[in-house]
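Please read the structure below before turning to the comments.
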Amino acid sequence: MTVHLVGAGPGDPGLLTCRAAELLKSAEVVVYDRPSMVDIVDIASSAEVVHCVGKAGSRPAWPQADVNELLVELGRAGREVVRLKAGDAFVVSRGGEEAVALAAAGVPFDIVPGISAAIAAPALAGIPVMVRQVATTLTVVAGNDDPEYRQHIDWGAIARVGGTIVVLTGRSALRDIAAQLMAGGLPADTPVAAISAASRPHQRTELGTLAALPNPRLRPPVTFVIGEVAALDLLAINGPVEGSDAHS
């Protein structure tokens, strides 16, 4: 293999898979998105080159086409490349686009699944996304307004499914999302949890409802959980993990 599309999990290096850690230790080149991934990138201590292609300070993120081109170039050179993606590379991420570009260029690659924030963030906040007596369905939605998303989100249909709804990358659209879910039939008092910086030392959770939303300006990344399970504050019942700041 030359290019490994690796899910980095929600942020804590301790939540990397064993396979991801092994590949980082032997990587020649690491390509990653977020400056907050630095603790994970540090595992690749023998890497000769490290590229941060995401937004860093005032510097904008690389265009996706340029990232694809870089991965193809590195892969064709026969380098052992780890491409780190937050969470899972194929869940509300552009790992799929990068895999398509590598396949089209004939560059060998593999996929190393990671723990998606859609599952990890609620769990770390003490929220089980599926409980038989409360929710037996889980809908994960990319909540941002990226113009490259071709599929229109039918929030009315999602409201009718009910169960647990997890919204990723939806901070700026949360108010509109809540309005559409209520128009689709979800009660105004449906619980909503906003989980900021899951798995990091400054993790924080704020609770609200569709009618009285949690603060959308929490420190990113923010994962929103909508549904009855969002009111199951298991950390409050069991006590938070030592050293965490999981709840407001």
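- Under a 4.0 Å N-O distance rule, the pair D33/R94 does not qualify as a salt bridge.
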Check your understanding: Does the pair V72 and L102 meet the rule for a side chain to side chain contact (heavy atoms under 4.5 Å, CB included), with working shown?
Key -> CA-CA 6 Å; V72 168; L102 290 165; 4.1 Å; yes
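- Taking every heavy atom of both residues into account, V229 and V225 meet most closely at CG2-CG1, 4.0 Å.
- Between the side chain of R200 and the backbone N or O of P10 there is at least one donor-acceptor pair closer than 3.5 Å.
- Hydrophobic clustering, with ILVMFWY side chains joined whenever heavy atoms are under 4.5 angstrom apart, groups V29 together with V53.
- Within the model, atoms CD1 of I115 and CG of L15 stand 5.0 Å from one another, a figure rounded to the nearest 0.5 Å.
- Here the rule is side chain to side chain contact (heavy atoms under 4.5 Å, CB included) with L84, and of V31, L24, V112 only L24 fits it.
- Of the possible donor and acceptor atoms, none in the side chain of R76 sits under 3.5 Å from a partner among the backbone N and O of L74.
- Looking at T164 and I226, their side chains never come closer than 4.5 Å, going by heavy atoms from C-beta outward.
- Looking at E28, its side chain does come within 3.5 Å of a backbone N or O of E80 through a donor-acceptor pair.
- By the criterion of side-chain heavy atoms lying less than 4.5 angstrom apart, applied directly or through intervening Ile, Leu, Val, Met, Phe, Trp or Tyr residues, V49 is grouped together with V107 in one hydrophobic cluster.
- For the pair V141/W155, a side-chain contact is recorded, criterion being any heavy-atom separation below 4.5 Å from C-beta on.
- Here CZ of R83 is found 4.0 Å from CD of E98. Values are rounded to the nearest 0.5 Å.
- Residues F109 and L71 fail the side-chain proximity criterion, which asks for heavy atoms closer than 4.5 Å.
- The shortest distance between side-chain heavy atoms of K85 and L5 does not fall below 4.5 Å.
- Minimum heavy-atom separation, I43 to P13: CD1-CB, 4.4 Å.
- L232 has its side chain within reach of V131: a pair of non-hydrogen atoms, C-beta onward, lies under 4.5 Å apart.
- Linking Ile, Leu, Val, Met, Phe, Trp and Tyr whenever their side-chain heavy atoms come within less than 4.5 Å leaves V192 and V161 in two separate clusters.
- Hydrophobic clustering, with ILVMFWY side chains joined whenever heavy atoms are under 4.5 angstrom apart, groups W62 together with V3.
- A donor-acceptor distance shorter than 3.5 angstrom exists from the side chain of S199 to the backbone of D12, with no hydrogens or angles considered.
- L207 and P214 make their closest contact through C-CG, 4.1 Å (heavy atoms, listed as atom of the first residue, atom of the second, distance).
- Between D88 and S93 there is no side-chain heavy-atom pair separated by less than 4.5 Å.
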Exercise for review: Report the C-alpha separation of L174 and V167 in whole Å, then their side-chain angles, then the decisive distance to 0.1 Å, and conclude whether the side chain to side chain contact (heavy atoms under 4.5 Å, CB included) test is met.
Suggested key: CA-CA 9 Å; L174 183 61; V167 180; 5.8 Å; no
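- Contact between A8 and I40 at its shortest, heavy atoms only, is O-CD1, 3.6 Å.
- None of T223, V129, L124 except one satisfies the side chain to side chain contact (heavy atoms under 4.5 Å, CB included) rule with I119; the exception is V129.
- In this structure, D110 and R19 have side chains that are in contact, with non-hydrogen atoms separated by less than 4.5 Å.
- In the hydrophobic clustering of ILVMFWY residues, with side-chain heavy atoms under 4.5 Å counting as a link, V67 and F90 come out together.
- The CG atom of L16 sits 10.5 Å away from atom CG of L23, with the distance rounded to the nearest 0.5 Å.
- Judged by distance alone, the side chain of R171 and the main-chain N or O of L218 form a donor-acceptor pair under 3.5 Å.
- With T136 contributing its side chain and G163 its backbone, the two residues share no donor-acceptor pair below 3.5 Å.
- Between A173 and G143, the shortest heavy-atom contact is CB-O, 3.4 Å.
- Surrounding CD of Q180 are more than 12 heavy atoms belonging to other residues, nucleotides or ligands, all under 6.0 Å away.
- Between E73 and V81 the shortest side-chain heavy-atom distance does not fall below 4.5 Å.
- Between the CD1 atom of I177 and the CZ atom of R175 there is a distance of 12.0 Å, given to the nearest 0.5 Å.
- Considering every non-hydrogen atom in both E228 and V134, the closest pair reads CB-CG1, 3.3 Å.
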Practice item. Would you check, one step at a time, whether the test side chain to side chain contact (heavy atoms under 4.5 Å, CB included) holds for T190 with L181? Key: CA-CA 10 Å; T190 299; L181 288 173; over 6 Å; no
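- Atom CZ of R160 sits about 10.5 Å away from atom CG of L186, to the nearest 0.5 Å.
- Remark: the backbone N or O of R219 is paired with a side-chain donor or acceptor of S196 at under 3.5 angstrom.
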